[in-house]
Amino acid sequence: EFPGVEFFFQPADIVSQILNFGLPSPIDVQLIGPRYPENYVIAQQIANRMRHIPGAVDVHVQQLMNDPTLFLDVDRVRAQQVGLSQRDVAQNLLVTLSSSFQTSPTFWVNPATGVSYNVAVMAPQYRIDSLQALMNTPVSTSGMATPQLLGNLATVKPMNTPAVVSHYNVMPSVDVYASVDGRDLGGVADDATKIIEPFKKHLPRGTQITLSGQVNTMQSSFKGLLIGLLMSIVLVYLLIVVNFQSWLDPFIIITALPGALAGILWMLFATHTSISVPALTGAVMCMGVATANSILMISFARERMQEGLDPVKAALEAGYTRMRPVIMTALAMIIGMLPMAFGWGEGGEQNAPLGRAVIGGLLFATVATLLFVPVVFSMFHGRRQRKAAARQGTPA
């Protein structure tokens with residue numbers, strides 16, 4: 001319906017703009033360099049390819065190079081002869097087209113109410129309906145008896161100029177903006193990176209291309225949370241080592257954590273939920289509950305083994321005796337997370353990945369705690385017991 005017109009929609013909420021570092025879209029491909037026209041051509045090629053990425057919407061180049069412009073070339077000699085300067089010509093034209101409010105603001109105070117009103121002078125826009133009407137604009141200055149016409153002082157040259165000029169670290173930049181709909185941001189960013197890579201070998205001298213926006217925030221957040229997840233496992237292990245005065249039993253305890261991680265990934269995959277900051281936060285929470293259940297199991301098995309039971313029987317009795325408290329702890333956490341996992345309430349879908357990650361992790365971690373951890377306990381301690389018996393039975 002509108003040939004030659006390009007439409008794109010930018011986020012209206014301030015939260016999205018803050019997450020995008022003030023950018024109007026979560027993905028921003030920047031070409032930064034002095035060769036502005038060449039960078040613009042490359043940006044158009046990148047935008048055309050990014051439009052075919054599944055989930056990428058509103059892909060466009062922010063800067064436009066074909067803004068129709070009328071360039072007025074003032075004849076300085078002729079203007080000087082009639083007592084005018086180029087500044088006088090520009091000032092008169094500015095007031096005619098954009099009003100006098102910015103250059104010489106004037107206020108009128110209503111004597112009846114005392115309310116002041118802005119008074120601006122400009123030519124009616126419907127009067128400037130042709131090039132001839134523009135060139136008939138009167139140009140004068142203070143003390144000048146007869147004003148001159150703009151057409152007597154300047155010539156007009158039609159040309160195209162950039163509609164938007166952007167800079168990054170002083171250098172001119174061309175931006176390719178893209179939003180995401182119906183797909184995770186990381187997947188779209190990965191596809192955009194694959195498109196950008198071939199262009200890096202053919203950039204003009206002094207030009208660099210970067211991928212910025214909310215993608216950088218996501219990557220840094222994921223990196224920090226993954227490091228935090230690994231560090232939490234290590235610190236929990238070291239803490240249990242201090243409490244148990246052993247290196248083996250804490251290792252047996254954390255063998256339930258791979259099952260928890262598998263459950264988290266399985267639940268996110270089954271519910272078509274992307275890995276996000278809330279999901280990783282839920283993974284950290286799940287690690288704590290899974291570790292607590294395993295500690296409950298191993299501590300009881302150690303006590304039974306110290307009373308004289310062999311490792312297999314101690315593990316079996318621990319699994320049977322501690323089954324109820326482990327299941328009760330896991331069920332309490334799972335049932336409590338169900339409303340969050342369903343995304344109920346206003347804005348509940350934002351924290352839904354956290355609940356789904358906790359539920360999936362605890363489902364698998366509970367099975368691992370009740371079945372896998374006792375098996376590992378009986379294997380390691382049985383092997384250690386056999387080695388100790390063999391050393392005691394060996395003649396000196």
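- A 4.5 Å side-chain heavy-atom check between Met122 and Leu97 finds every atom pair outside the cut-off.
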Review point. Could you walk me through whether Met50 and Val29 pass the side chain to side chain contact (heavy atoms under 4.5 Å, CB included) check?
Key: CA-CA 10 Å; Met50 288 181 61; Val29 180; 3.9 Å; yes

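- Note on Leu238 and Leu248: same hydrophobic cluster, where clusters join Ile, Leu, Val, Met, Phe, Trp and Tyr whose side-chain heavy atoms are under 4.5 Å apart, directly or indirectly.
- Within the structure, salt bridge (Lys or Arg N to Asp or Glu O under 4.0 Å) pairs that include any residue of residues 45-55 comprise Glu6-Arg51 (at least two apart or interchain).
- Shown here are the salt bridge (Lys or Arg N to Asp or Glu O under 4.0 Å) partners of Lys201, two or more places apart in sequence or in another chain: there are none.
- Sparse packing is recorded around CD1 of Ile275, with 12 or fewer heavy atoms of other residues, nucleotides or ligands lying under 6.0 Å away.
- Remark: Asp249 engages Arg302, His381 in a side chain to side chain donor-acceptor pair (under 3.5 Å) (not counting sequence neighbours).
- Judged as a side chain to side chain contact (heavy atoms under 4.5 Å, CB included), and not counting sequence neighbours, the contacts of Val284 are Leu229.
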Check your understanding: Run the salt bridge (charged side-chain N to carboxylate O under 4.0 Å, His left out) check on Glu197 and Lys200 step by step: do they pass?
Key -> CA-CA 5 Å; Glu197 286 299 326; Lys200 291 184 178 181; 3.3 Å; yes

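- In this pair, Phe364 and Trp266 present their aromatic rings tilted. The plane angle is within the 30 to 60° band.
- Among all heavy-atom pairs drawn from Asn92 and Ser140, the shortest one is ND2-O, 2.9 Å.
- Put simply, the residue from Ile196, Val61, Ile46, Asp175 that forms a side chain to side chain contact (heavy atoms under 4.5 Å, CB included) with Leu31 is Ile46.
- The ring pair (Phe, Tyr, Trp, His ring centres under 6.0 Å) test applied to Trp247 returns no partner, not counting sequence neighbours.
- For Gln132, the side chain to side chain donor-acceptor pair (under 3.5 Å) partners at least two apart in sequence or on another chain are Asn136.
- Not a single side chain to side chain donor-acceptor pair (under 3.5 Å) links Thr193 to another residue, sequence neighbours left out.
- Under the side chain to side chain contact (heavy atoms under 4.5 Å, CB included) criterion, Leu239 pairs with Asn243, sequence neighbours left out.
- Looking at Asp75 and Thr155, their side chains never come closer than 4.5 Å, going by heavy atoms from C-beta outward.
- In this view, Tyr36 and Gln63, Met65, Pro162, Pro172, Val174 satisfy the side chain to side chain contact (heavy atoms under 4.5 Å, CB included) rule, not counting sequence neighbours.
- In terms of heavy atoms, Leu211 sits closest to Ala189 at CD2-O, 4.0 Å.
- Sorted by first and then second residue, the side-chain hydrogen bond (donor to acceptor under 3.5 Å, both in side chains) pairs with a member in residues 116-126 form an empty list; sequence neighbours excluded.
- Every residue was checked against the ring pair (Phe, Tyr, Trp, His ring centres under 6.0 Å) condition with Phe199, not counting sequence neighbours, and none meets it.
- Among residues two or more places apart in sequence or in another chain, the side chain to side chain donor-acceptor pair (under 3.5 Å) test is passed with Gln45 by none.
- Remark: the Thr210 side chain and the Ser212 side chain contain no N/O donor-acceptor pair separated by less than 3.5 Å.
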Point to revise | Candidate pair Ile53 and Arg183, rule side chain to side chain contact (heavy atoms under 4.5 Å, CB included), full reasoning | key: CA-CA 10 Å; Ile53 297 177; Arg183 192 183 175 193; 3.8 Å; yes

